[in-house]
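Numbers restart at 1 for each chain; the letters A, B, ... are given by sequence-line order, proteins then strands. Remember, it's a predicted structure, so these values are computed and weren't measured experimentally.
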Amino acid sequence: MDNLEKSDYNLLKSVWPILFIVIVCALLAVRYSMKIDESSSSPGAGMGLVYGILSLALIVILSGYRIRKSLLRTPIGSLHAWAQSHVYMGVILIVLVFLHSGFRTGGMLSGLLLALFLLVIASGIIGAILYKVVPLSLSKYGRHVMTMEVIGARIEKLLAEADKQAENRSAIFQETYSKHIRPSLASQQVNWGYIFIEEDEVIKTCKAKMESLQQDTPADEVYGMSLVGAIYAEKERLAYKWAMLNSLRVWLYFHVPLTMAMLVALSFHLLGSFYY
Amino acid sequence: MPGVNLKLKTLSGLSSIYLFADENQADLAAALGDCEVSEYQPEEMICREGEYDENCHVILSGMVRVGLPRGSGGRGSRIILSDGEVFGEIAAMSGAPRTADIIAMKPSIILNISRSSMFSLLDKFGSIKKKMDALYRERALRSQLMKIPMFSGVSESFVDGLVDRVQMGSYAKGDVIFNEGDDADAFYLIRYGFVKVSQNEDGKEKALAYLKEGHCFGEMALLNEGEKRMATISAINRVEVIKIAVEDFSNLLSSYPGIRRNLESAAGQREDRNVQISQDANLANTLRTTIEDGVISTKSLLIMDTTKCVQCDTCVEACAALHNGKSRLVRIGAKINSFIFIPTSCRNCEDPTCMAQCPTGAITRDSNGEIYHKDFCIGCGGCAGNCPFGNITISELDEDTDKGIIKRIYALMFDRGSEKGESQYKDLGRGPGGSMAKGREADAVMRKRKKKRKAVKCDMCRGFSYMGCVYNCPTGAARRVDPTEFFSDLTSVG
Ligand code: HEM
């Protein structure tokens, strides 16, 4: 029943993690078997230089991912293989860069380059986590694929439904609705806080809010308020998906520009190295 | 490759062909009007083993051999067929690849009856159905029966006896073969098509499994005398069955007690399975949707795993890049279960309704089983209207009349738009923000181009070594699968 009950998403299925561990161990073994004194090792000579050249090669390949992504008609390896290699090579790169720098930050330019590099890596790791977590959370939802368009259209519908529910109700009901619920229903803003919490927590918060609001609702309208509450919870559930989907787009606005900045700093770093 | 293609209307003398002899010639000519006739020279290959060919062939004149190609060392046996004989009917009916090479021995004129025409001939003309059934009985029935796992160990003479006595049955899509609670009349073997096994639960139909070609059903109620049918069996698409009568089945059970034991243990497994379906909403849902959405009766299905899809739309961009800037893939569709969804993309159905009424024969299946439109499609929209999944659209395609070689090489080397699948109009500034000069340039290009209506559907990236959408999915969410393998857990137990 494997095909039907669970997705075959299993990173360990790929050969990359094993290769990754082997390479990292090999590098560390080389490093320590040579027993290089940290203070005397130089990034521009001996093994330091080798690590530098290897790092450069990996950075070129990692940046090449963007090019692969736009060469959709050219059979140079499946994008999935490229993406997997990208993530693992990126992590190997951290070790290589530190081995190259001798675990020091160096001068101003090198320091800036290292900082940008770490930001690129950090944003990459965040992206890799989002790539794993977001689709899983979106897939939990009903019979339809949750795209931006589907979510947007549903949210609009929910507002209209809630407005209808609130029509011809008592003044207290109307006030509670327009003050405490409608603004959230009508809000188009992405609630970024949602990407750090579980969907169930969002629903719990909604329920708690509705319970407190229901205390002031006239007894004969409690049922009506619970219907509005259900719509509100649905909207927040969708807003959660919306935030999740948005995070997939937004993180690239960090990862790619940071990569660009790092490549500029790297060019200066290389020029400097050749010059001196 | 066939020699000359002649239209059937130009040929007369169908009455001299055994298969057609007993029918009204005018009705036949009308029914066969769209069929093609091909001429073959000696040693020309008519069908190749392993390839898909949706036609049943009738030799109008000439001689062909079925078997090994010339020079292959004379292994195995050959069958020689001549005037009036039929070949390829089994593969045409089942949609399976050819099982043998067929080669012309003399100059031969062959009538090619498409699968859909063959089915309508069988439905319309009783004598043709009878003769085709007799042919099946003679050529394939014995081996079909021997293939049933339940029959392993049954003597050849017993099977030979059955071959003469079994009955054939045909059912249209949706027909009920028998109902839960009916008296048991026979044991069934599916010759072609898919059936649904379902039970009534509180007035609602609950799907339990689907069965396909080569599977059997109806044995449970025959195990104990007087027992009624435990489930309803209905046809998911066109279904052809072989019926073994109660007496023959009882004979089988009494002659081979091992068969009874196996069936009884299979019955126990089925019970467990039904309980599992009642308790597992996801499984029950998957089963229902795969049957209702017609997933099962397709040959190849593009699926997307929602637990991996990051909605980057690179698949759609890739599809456009490989198809002149127009994507055939729409990344929306119904979810089959909690994580798989089926986007809008050709499913290469077993029984493609899109191919049924194409006036020009432009929509066809290739030797790998893939359905595609040939260049001479006139964009009439018949296939699009017939596709039950809405996977064909009619599109106005640009036809670049400027075929300059320099321009084409330039486009290949430098036109990033064509690599990325962007429309050239957009590149030329038709979109917002384009300069006036670019706009005029675009108009000039537009005048040079003719617009052509064409049916557009997923062609599984014909001519490319990979499928654009699958190859360019960064997370491995998009996959092409054979539904009968992928959903094999949904077939019946035992
Ligand atoms: C120096 C190191 C790195 C460079 C130069 C780099 C560069 C890039 C570039 C240019 C892209 C293409 C973005 C686009 O689609 O436009 C990308 C995507 C991506 N990167 Fe990195 N990256 C680096 C390290 C990492 C690391 C360490 C990880 C994760 C651990 C990572 C994860 C990703 C992911 C998940 C994507 C998106 C894949 C996709 O959408 O297909 N990157 N990176």
Side-chain angles (χ1 to χ4, degrees), chain A residues 1-11 13-14 65-87 127-128 130-151 153 241 244-249 251-252, chain B residues 276 280 282-283 285-287 289-290 303-315 317-322 331-343 412 416 418-421 461 464-466 468-479 481 485-490:
Chain A
M1 295 273 157
D2 268 10
N3 279 340
L4 306 178
E5 283 172 4
K6 63 175 169 46
S7 151
D8 66 347
Y9 199 103
N10 183 359
L11 272 181
K13 258 191 195 167
S14 90
Y65 181 67
R66 176 63 263 178
I67 298 170
R68 165 62 188 89
K69 256 193 127 174
S70 48
L71 292 178
L72 301 170
R73 294 173 59 111
T74 319
I76 45 170
S78 76
L79 197 57
H80 184 38
W82 270 82
Q84 279 190 315
S85 324
H86 184 86
V87 170
L130 288 175
Y131 267 43
K132 175 94 174 97
V133 172
V134 173
L136 271 174
S137 103
L138 292 174
S139 72
K140 280 186 207 146
Y141 198 87
R143 285 267 293 145
H144 294 279
V145 182
M146 287 287 114
T147 60
M148 288 280 199
E149 298 75 46
V150 170
I151 298 176
K241 312 271 177 199
M244 282 291 194
L245 263 178
N246 257 312
S247 67
L248 281 180
R249 314 256 182 291
W251 84 274
L252 272 176
Chain B
Q276 191 192 358
D280 183 342
N282 189 33
L283 184 62
N285 218 8
T286 312
L287 184 58
T289 39
T290 42
I303 58 163
M304 292 207 181
D305 185 337
T306 55
T307 61
K308 291 183 194 172
C309 177
V310 288
Q311 307 201 8
C312 61
D313 269 338
T314 316
C315 50
E317 278 174 34
C319 183
L322 269 63
R331 199 184 40 76
I332 49 170
K335 268 167 93 176
I336 284 210
N337 59 16
S338 57
F339 72 94
I340 293 169
F341 92 93
I342 302 179
L412 268 176
R416 280 183 51 243
S418 70
E419 177 74 53
K420 283 182 69 189
C461 296
F464 291 93
S465 55
Y466 53 90
C469 52
V470 175
Y471 193 69
N472 287 298
C473 174
T475 59
R479 276 160 56 183
V481 297
E485 263 172 38
F486 192 78
F487 297 110
S488 59
D489 295 326
L490 301 178

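For the atom pair A:Gln84 CD and B:Thr475 OG1, the distance stands at 10.0 Å (nearest 0.5 Å). To the nearest 0.5 angstrom, A:Ser70 atom OG is 9.5 Å from B:Glu317 atom CD.
Interface remark: A:Leu136 contributes backbone and side-chain atoms alike to the contact with chain B (heavy atom separation under 4.5 Å). Only the side chain of B:Tyr466 comes within less than 4.5 Å of a heavy atom of chain A; its backbone N, CA, C and O stay farther away. Using a 4.5 Å cut-off between heavy atoms, A:Leu130 makes no contact with chain B at all.
Considering only residues two or more places apart in sequence or on other chains, B:Pro474 meets the side-chain contact (heavy atoms from CB on, under 4.5 Å) condition with A:Tyr65, A:Leu79, A:Ala83, B:Cys312, B:Thr314. Residues passing the side-chain contact (heavy atoms from CB on, under 4.5 Å) test with B:Cys315, sequence neighbours excluded: B:Met304, B:Leu329, B:Arg331, B:Cys469.
A:His80 and B:Gly476 get closest at one heavy-atom pair: ND1-N, 3.4 Å. Across every non-hydrogen atom of B:Tyr471 and A:Thr74, the tightest pair is CE2-O, 4.2 Å. Looking at every heavy atom in both residues, B:Gln311 comes nearest to A:Arg249 through O-NH2, 3.6 Å.
Inspection of the B:Asn472 and A:Arg73 side chains reveals no N or O donor paired with an N or O acceptor under 3.5 Å.
Surrounding CD1 of A:Ile67 are at most 12 heavy atoms belonging to other residues, nucleotides or ligands under 6.0 Å away.
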